[in-house]
Amino acid sequence: MSLKIAADNFPPLLVGETENFVVVREYDEGRDKVAVEEMEKRCEIGQRGKPSLVTDLMGDPICRIRHFPSHVMLVAECGEGGEMAGVIRACIKTVTRGSSGYVKLAYILGLRVSPSHRRLGIGIKLVQEIEKRCKQQGAEYSYMATDCTNESSINLFTRKCCYTKFRTLTMLVQPVHAHYKPLGSDIATIRLTPKLAETIYSRVFVDAEFFAKDIGTILSSKLNLGTFMAAPKNCLSQWDSKTGILPSNFAILSVWNTKEVFKLQVKGVSKLTHACCTGSRLLDAWMPWLRLPSFPDVFRQFGVYFLYGLHMEGKNAPRLMKALCAFAHNMARDDDGCGAVVTEVGQRDPVREAIPHWRKFSWAEDLWCIKKLADEKPDGGRESEPPDWMKCGTSSPVIFVDPRDS
């Protein structure tokens with residue numbers, strides 16, 4: 001069961017003394033659900049006449065943080081009538097910071113300010129208030145993620161809220177076709193138990209950044225569809241799950257079902273584009289042996305499978321990783337309403353080049369910005385304390401992306 005960050009010590013924050021005064025307080029589902037949903041619809045991405053990607057939270061505004069043990073959601077009301085003006089969410093988790101051990105940090109997401117209440121400082125107030133709550137819960141750092149082209153979000157966090165550009169990741173998207181993808185007759189795909197997967201992940205991601213300390217909870221979640229390992233069939237004799245010995249060549253990944261949390265939909269495309277996409281899908285269904293790169297029906301709501309924990313070793317590892325991604329694609333193909341398989345990896349991660357994707361629908365720069373919340377110690381700290389994460393680099397090219405962040 002998820003536990004919300006205690007709100008007893010956080011009375012509503014009042015900002016302003018005019019008719020535009022703002023109240024920042026914790027989200028109350030019974031009181032705020034409808035107003036939040038209506039406000040977020042007004043903030044949908046995209047411009048009139050241009051394609052846009054719309055997210056449906058399926059009647060649960062808190063769904064994207066609900067699966068974290070510690071989380072909070074705040075709303076901002078404006079004026080005497082209490083009009084819904086903004087919302088922000090955050091979760092607190094413990095992750096690795098490379099080889100320097102673990103650190104407790106907050107992930108801030110889902111910041112929205114109503115178009116009619118922008119440029120009033122509401123976004124800054126929401127960020128400041130949620131930072132304060134996360135800090136009191138022990139978070140040493142906070143971070144956020146956004147598309148590198150989202151200048152307004154980047155400026156808000158870096159210029160006004162003192163965040164620093166920290167890491168850049170790559171988002172890779174593979175549409176789900178009507179045909180199955182071949183796996184390779186000489187490759188074995190094995191489903192791992194959550195306990196065995198936890199043991200392997202704790203070993204291979206020991207020096208990575210952002211690896212979740214509660215990986216066992218993630219792997220045991222009902223949203224986790226399984227962890228799978230691919231290896232050449234002639235190498236299986238090397239593997240002993242009881243002793244922890246792994247094959248000399250293998251790849252591993254886990255599949256997270258985001259379609260149970262939220263759904264996406266593309267709107268605003270031309271009739272010609274719509275017809276071309278529909279035609280490619282019909283041809284693929286009628287003649288699957290041609291393996292046409294058909295376009296799924298993203299013009300109605302669709303779900304996504306998120307791949308995480310991607311790791312590979314050995315000379316044949318890239319081929320094994322491609323086979324695992326094909327296996328995940330075939331799982332999605334059999335799941336009605338799943339339109340894409342998505343993953344996010346560090347730009348220097350070796351698995352990046354082995355992951356099948358469509359370049360047109362992927363983006364190379366998903367920007368993560370970070371801020372130190374913990375106060376500097378007057379004596380400069382003890383020698384045993386790890387150095388400031390923001391000031392020191394890391395030798396690991398691997399960044400573990402928590403599927404609950406997706």
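All values below were derived from every heavy atom in this structure, side-chain atoms included, with hydrogens, water molecules and symmetry-related copies excluded.
Heavy atoms only, all atoms of each residue included: D147 and D366 are closest at N-OD1, 3.8 Å. Taking all atoms of both residues into account, the shortest heavy-atom contact from H71 to I65 is ND1-O, 3.3 Å. Summarising the geometry of G309 relative to F400, their closest heavy-atom pair is CA-CE1, 3.9 Å, with the distance given to 0.1 Å. Pairing each heavy atom of R112 with each of L126, the nearest pair is O-CD1, 4.4 Å. When all heavy atoms of V95 and A212 are compared, the closest pair comes out as CG1-CA, 4.2 Å. P175 approaches P296 most closely through the heavy-atom pair CB-CD, 3.5 Å.
For the residue pair Y141 and D388, a side-chain donor N or O sits within less than 3.5 Å of a side-chain acceptor on the partner. The closest side-chain donor-acceptor pair between E140 and W389, if any, does not fall under 3.5 angstrom. No donor-acceptor contact under 3.5 angstrom links the side chains of Y201 and T227, judged on distance only.
The shortest side-chain heavy-atom distance between V22 and L120 does not fall under the 4.5 Å cut-off. Side chains of Q137 and K132 form no contact here, defined as non-hydrogen atoms less than 4.5 Å apart. Considering only heavy atoms from C-beta on, W256 stays 4.5 Å or farther from V304 through its side chain. Counting heavy atoms from C-beta on, the side chains of L105 and I92 never come closer than 4.5 Å. Annotation: side chain of N330 is in contact with side chain of L183 (closest heavy-atom distance under 4.5 Å). Taking 4.5 Å as the limit, every side-chain heavy atom of M171 sits out of range of all side-chain heavy atoms of H357. In this structure, D402 and F68 have side chains that are in contact, with non-hydrogen atoms separated by less than 4.5 Å. D284 is not listed as a side-chain neighbour of L290, based on a closest heavy-atom distance of 4.5 Å or more.
Without hydrogens or angle criteria, H177 side chain to S294 main chain gives a donor-acceptor distance under 3.5 Å. In this structure, R352 contributes its side chain and E344 its backbone to no donor-acceptor pair below 3.5 Å. Between the side chain of N155 and the backbone N or O of E151 there is at least one donor-acceptor pair closer than 3.5 Å. Judged by distance alone, the side chain of T96 and the main-chain N or O of A208 form a donor-acceptor pair under 3.5 Å. For K371 (side chain) and C161 (main-chain N/O), a donor-acceptor pair under 3.5 Å exists by modelled atom type. N150 contributes a side-chain N or O that, together with a main-chain N or O of S153, makes up a donor-acceptor pair within less than 3.5 Å. Side-chain atoms of S221 do not come within 3.5 Å of backbone N or O of I218 as any donor-acceptor pair. Side-chain atoms of R333 come within 3.5 Å of backbone atoms of A178 as a donor-acceptor pair (strictly under, hydrogens ignored). Panel note: side chain N249, backbone N316; a donor-acceptor pair is recorded below 3.5 Å. Proximity of a side-chain donor or acceptor of T193 to a complementary backbone N or O of L196 within less than 3.5 Å is detected.
Put simply, CZ on R25 and CG on D32 are 4.0 Å apart, with the number rounded to the nearest 0.5 Å. The distance from the CD1 atom of I252 to the NE2 atom of H311 is 8.0 Å, given to the nearest 0.5 Å. Between the CZ atom in F250 and the CE atom in M229 there is a gap of 7.0 Å [rounded to 0.5 Å]. Interatomic distance, SG of C325 versus OH of Y305, reported as 14.5 Å (0.5 Å rounding). Interatomic distance, CH2 of W286 versus CG of L283, reported as 7.0 Å (0.5 Å rounding). The distance from the CG atom of D207 to the OG atom of S396 is 6.5 Å, given to the nearest 0.5 Å.
In this pair, Y163 and F157 present their aromatic rings perpendicular. The plane angle is above 60°, beyond the 30 to 60° band. Between F211 and F205, the ring planes lie parallel to each other; the angle is under 30°, not in the 30° to 60° tilted range.
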Fill in: Working for side-chain contact (heavy atoms from CB on, under 4.5 Å), residues K222 and N257
CA-CA 9 Å; K222 64 180 181 179; N257 186 10; over 6 Å; no
Practice prompt. Go through Y308 and N224 one step at a time and tell me if the side chain to side chain donor-acceptor pair (under 3.5 Å) criterion holds.
Written response: CA-CA 10 Å; Y308 70 99; N224 191 66; 2.5 Å; yes
Item to complete: List the steps, then state whether side-chain contact (heavy atoms from CB on, under 4.5 Å) holds for L74 with V87.
Response: CA-CA 6 Å; L74 303 179; V87 64; over 6 Å; no
Practice prompt. Could you give me the CA-CA distance, side-chain angles and deciding distance for E77 and R31, then say whether salt bridge (charged side-chain N to carboxylate O under 4.0 Å, His left out) is met?
Written response: CA-CA 12 Å; E77 293 179 324; R31 174 181 175 184; 3.7 Å; yes
Discussion item. Test side-chain contact (heavy atoms from CB on, under 4.5 Å) on I200 and L246; report intermediate values, then the result.
Written reply: CA-CA 9 Å; I200 296 175; L246 293 168; 3.8 Å; yes
Item to complete: Take L219 and S254, measure what side-chain contact (heavy atoms from CB on, under 4.5 Å) needs, and give me the verdict at the end.
Response: CA-CA 8 Å; L219 295 171; S254 297; 3.8 Å; yes
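Around atom CZ of R300, no more than 12 heavy atoms belonging to other residues, nucleotides or ligands sit under 6.0 Å away. By the 6.0 Å contact criterion, CG on D336 is open, its count of non-hydrogen atoms from other residues, nucleotides or ligands being 12 or less.
Ion pairing between R89 and E40 holds under the 4.0 Å rule for side-chain N and carboxylate O. In this structure, D214 pairs ionically with R404, as a charged nitrogen and a carboxylate oxygen lie closer than 4.0 Å. Salt-bridge check for K259 with D335: passed, with a basic side-chain N closer than 4.0 Å to an acidic carboxylate O. Residues K125 and E129 are not paired through a salt bridge, judged by the lack of any N-O separation under 4.0 Å between the basic side chain and the carboxylate.
Remark: R97 is not positioned above the aromatic ring of Y102, lacking an NZ or CZ atom under 6.0 angstrom from the ring centre and at most 45 degrees off the axis. Seen from the ring of Y107, K93 counts as a face-on cation partner, given the 6.0 Å and 45° thresholds.
The ring of W368 has its center closer than 6.0 angstrom to the ring center of Y143.
Of the candidates L307, V351, V398, V351 is the only one forming a side-chain contact (heavy atoms from CB on, under 4.5 Å) with V345.
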